Amino acid sequence: MVALEQNEVIAFIEANPQFLDEYVTSSSVSRETFQKWTQVRRRGGTQRGDSLGKSGDQQATPWMSNDLSTRRRILLDHGDQTVRLMYELATCCGQLTGIGDQLELLIHNEEGIFFVYKSRADQQLKLKKARKSPIKTPTYSQQLNDCAGNFLGEIHFYASLPLKDRQMINVVCCWGTAALHHAQMAKHFASEGTLFDNFARQRKLSSFLLDVAKSIFQDIVSMDAVILKVMNYAQKLVSAERASLFLVDSKTKELYARIFDVGQGEAEHVKINKDGQKEIRFPMTRGIAGVVASAGKGLNIEDAYTDPRFNQDIDERTGYRTKTILCMPIFIRQHVIGVVQMVNKTEGVFNKNDEDSFEMFAVYCGLALHHAKLYDKIRRSEQKHRVALEVLAYHSVCNRDEVAKLKKIHLKERIDELETYDFNGMRLSELEKPLYAVYMFKSLFQDSISFDYDDVVRFVLTVRKNYRRVAYHNWAHGWSVAHAMYVLLHSKKEIFTPHEALALFVSCLCHDLDHRGKNNAYMKDMATPLASIYSTSVMEHHHFNQTVTILQQEGHNILRSLSSAEYKTVLGLIKHCILATDLALFFPNKAKLNGLIENGQFDIQNVEHRQLTQAILMTGCDLIASAKPWQIQTETVKVIFEEFYEQGDAERINGKEPIPMMDRTKAHELPQMQVGFMRGICMPCYDLIAKVFPETGTLKQRCEYNAMKWEELADEQRKKDQDKKLAQQNSHSTE
Ligand SMILES: Nc1nc2c(ncn2[C@@H]2O[C@H](COP(=O)(O)O)[C@@H](O)[C@H]2O)c(=O)[nH]1
């Protein structure tokens, strides 16, 4: 192997700078040799890494020494001096790369961009405004950002830097800026005791507050239980011998102990019994707790008996000797609702940290109290609600006499008059309607569904009881809609399965349960409780809910022979059908079904198509009055508008202008409104039904006839109005 001349070696290295870096940092060179080399680099006055910037820091900064504890101390002691820490970081980079005299540190702040240098005179760091256009361009710039990504400054290198050095600087600066962040945090905490104690305390406080939050939201059982748990935490948090919670009695301006004397460790506390025998109660003008509750500010008392405000009575009553007190107000919505008091620090007095932690604890205590109060309030209102439901259920369920009375009446095998849409349910007596409803149920399902006859009787009678005595949306309407569905199902038994037919019939009978004679728009405008429960189809959701409530009453479950899966399916279909009676849903349903039929895609065996058909059938039955003989139509419309006008009157009383249809001052426009309703809703509905079930064509014809009759009346009304107008004009002209 030929030995190379020294100048050949130097020429090669200068021509291949990365070779030296790769060789020096490879395993060919031992750690000791590497460190010896870097020490050598450190000693030379002009050698790389001794100074920083032009003025240079001639005093070498031992970043390369083995023991960096001194440097670490400098970092921690200057945690709040960002520029100093950045200077140290730049110095470190200079030493690592060996070009400390060929780099500069620039910092950016709201006043501009500045060079950082150490003055030779006093070795202090100085800032010098940087030129807008620098004299020379750095070969490499390392950005320095803080942990939030804010730009702090940059280190400019003016010597060529191999890739490895740049990567090393990048890594060091990443760690350096993170260390800078933590040094700042540490400095902040260090002002209140040792760094690590504060971190430990913060960690303990955080886990305590997290536990409190968990106990509030996860295992809340009662207000006392939560408060007791919270008090125990707090007592341990500030190492107090005892803890007490006093609540403000705003009526008597007193404080009373909700939980008193939560002892160290065990869960012993003086539970306040209901008759108040042991209750600790005193005026808000007395004691440290009274002062804190009145002023709304915390107090840290180092020697209770030397403080004139201290109330010794309680010590005398309990035989306990109070020395130190830490007392904080508890706020809910800016009001002091109580005070929480820690007594006798286990060692010494309560310090600043205890005060800070306890202040934060008091917030959580307020949260716990507030939540517990809300929870107790909810629990009480739930009990009240349950009682109300029990009372309601008792009075809204049919009684034995009603059932016996109905069962006495013999049901004919067949009531054929019921098998036509023209049947006039209005002429039935209050007893015949439920009887005929039971008959229709029996006639439709006796061969397909197993049911208890008495259940059906009770169910029908209770459904009747749960319709209100409003002008139109009453039991007679429910019965009439169920009758229309009966006629269809009786004539076309094969269309729907027994369960589908059952759902359809029951839905019609129940579809307006507990209707108040007001529509959904009214319920929403008046912000009624129902409107706050249901966001869409308010009344229809309520009608369904009432149906389920009745089915759940003892002796009313007409579906009890179904399996749980069948029951769930039928109930789901009942919900679908009742919700479909919301006229707002008719239009999209109609458009969909018409589209399927016109495109030749309609398939009655398709589940979705069946449900659409069921929805349109519900609307058709719901509006059956419009397809009844004219006499029945006019009688029904009379009560419909009576109900409309009552709603309009209620809206006026509440300062709202009713729509014309509900405005009794526009009663003369009724015929025209009916024309609109018949032509715009009823006719399209029956037209669509006839497309699916051609034999229902009579409904469409009857509806057409009624629409024409309303048009005649509307014409007559228009003529009258014109004559009246003419007469008025003539009378004005003669005057
Ligand atoms: N203007 C008219 N409105 C009518 C008529 N028949 C019924 N209706 C209204 O339609 C819906 C039906 O839904 P329901 O389930 O509540 O009965 C309802 O708002 C009725 O007031 C009519 O002939 N004219």
Side-chain angles (χ1 to χ4, degrees), residues 425-426 467-468 470-485 504 507-524 530 537-544 546-547 574-587 589-590 615-648 658-664 666-667 669-686 699 702-711 713-714:
M426 287 180 164
Y467 270 95
R468 295 198 184 195
V470 291
Y472 171 67
H473 286 102
N474 51 38
W475 161 240
H477 170 60
W479 188 94
S480 164
V481 173
H483 167 254
M485 186 57 77
L504 284 162
S507 302
C508 286
L509 197 67
C510 302
H511 86 283
D512 269 338
L513 272 172
D514 194 41
H515 200 292
R516 289 90 188 276
K518 305 288 188 302
N519 64 9
N520 289 335
Y522 180 92
M523 302 308 268
K524 283 181 185 170
L530 276 175
S537 305
V538 173
M539 288 314 297
E540 289 73 20
H541 274 100
H542 179 57
H543 303 325
F544 171 68
Q546 292 301 103
T547 305
I574 289 173
K575 180 170 186 177
H576 166 70
C577 291
I578 293 180
L579 291 185
T581 63
D582 179 354
L583 219 45
L585 302 180
F586 165 67
F587 301 99
N589 289 340
K590 173 176 72 84
I616 295 298
L617 281 178
M618 287 301 295
T619 304
C621 293
D622 197 6
L623 305 179
I624 195 63
S626 64
K628 290 274 188 186
W630 175 244
Q631 177 61 32
I632 300 173
Q633 159 64 183
T634 50
E635 278 179 31
T636 309
V637 167
K638 186 166 169 284
V639 294
I640 288 175
F641 276 79
E642 191 183 315
E643 192 175 290
F644 282 167
Y645 296 148
E646 279 167 24
Q647 175 172 326
I659 59 172
M661 191 170 75
M662 299 190 172
D663 183 350
R664 63 174 70 248
K666 297 189 170 67
E669 295 175 18
L670 186 152
Q672 188 51 48
M673 289 179 200
Q674 275 306 95
V675 172
F677 185 79
M678 303 289 273
R679 296 253 176 247
I681 293 176
C682 305
M683 282 303 291
C685 180
Y686 294 118
L699 295 176
R702 181 74 79 195
C703 187
E704 175 58 40
Y705 174 81
N706 290 336
M708 276 168 41
K709 293 292 284 181
W710 285 117
E711 277 164 348
L713 290 177

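Ligands are counted one by one from 1 in listed order, and the atoms in each one are counted from 1 as well. Keep in mind the model is a prediction, meaning the values are calculated, not measured.
Residues passing the side chain to side chain contact (heavy atoms under 4.5 Å, CB included) test with E704, sequence neighbours excluded: R679, M683, M708. Residues passing the ring pair (Phe, Tyr, Trp, His ring centres under 6.0 Å) test with F644 are F641, sequence neighbours excluded.
Relative to atom 8 (N) of ligand 1, the option among F641, F586, F677, W710 with the closest non-hydrogen atom is F677.
In this structure, L623 has a heavy atom closer than 4.0 Å to ligand 1. Ligand 1 has at least one atom lying under 4.0 Å from a heavy atom of H477. A heavy-atom separation below 4.0 Å is found between M661 and ligand 1.
At the top of the distance list for atom 15 (O) of ligand 1, counting protein heavy atoms only, stands D622 OD2, 2.6 Å. Ranking protein heavy atoms by distance to atom 18 (C) of ligand 1, first place goes to H473 NE2, 3.9 Å. If you check which protein heavy atom lies closest to atom 24 (N) of ligand 1, you get Q674 OE1, 2.8 Å. Among all protein heavy atoms, the one lying closest to atom 10 (O) of ligand 1 is L583 CD2, 3.5 Å.
Across M678, K628, E711, a single residue satisfies side chain to side chain contact (heavy atoms under 4.5 Å, CB included) together with N706, and that is M678. Residue M539 is tested with N519, D512, L530, D582 for a side chain to side chain contact (heavy atoms under 4.5 Å, CB included); the sole match is L530.
Using modelled atom types and a 3.5 Å distance limit, the side chains of H477 and H511 yield a donor-acceptor pair. Of the N and O atoms on the side chains of H515 and N474, not one donor lies less than 3.5 Å from an acceptor on the other residue. Side-chain contact annotation: E635 with Q631, donor-acceptor N/O pair under 3.5 Å present.
Using a 4.0 Å cut-off between heavy atoms, E643 makes no contact with ligand 1 at all. Neither the backbone nor the side chain of T636 has a heavy atom within less than 4.0 Å of ligand 1.
Close contacts of ligand 1 with H511, meaning ligand atoms under 4.0 Å from a residue heavy atom, involve 15 (O). For ligand 1 and I640, the ligand atoms under 4.0 Å from any heavy atom of the residue are 5 (C), 6 (N), 7 (C), 22 (C), 23 (O).
No more than 12 heavy atoms of other residues, nucleotides or ligands sit less than 6.0 Å from atom NZ of K575.
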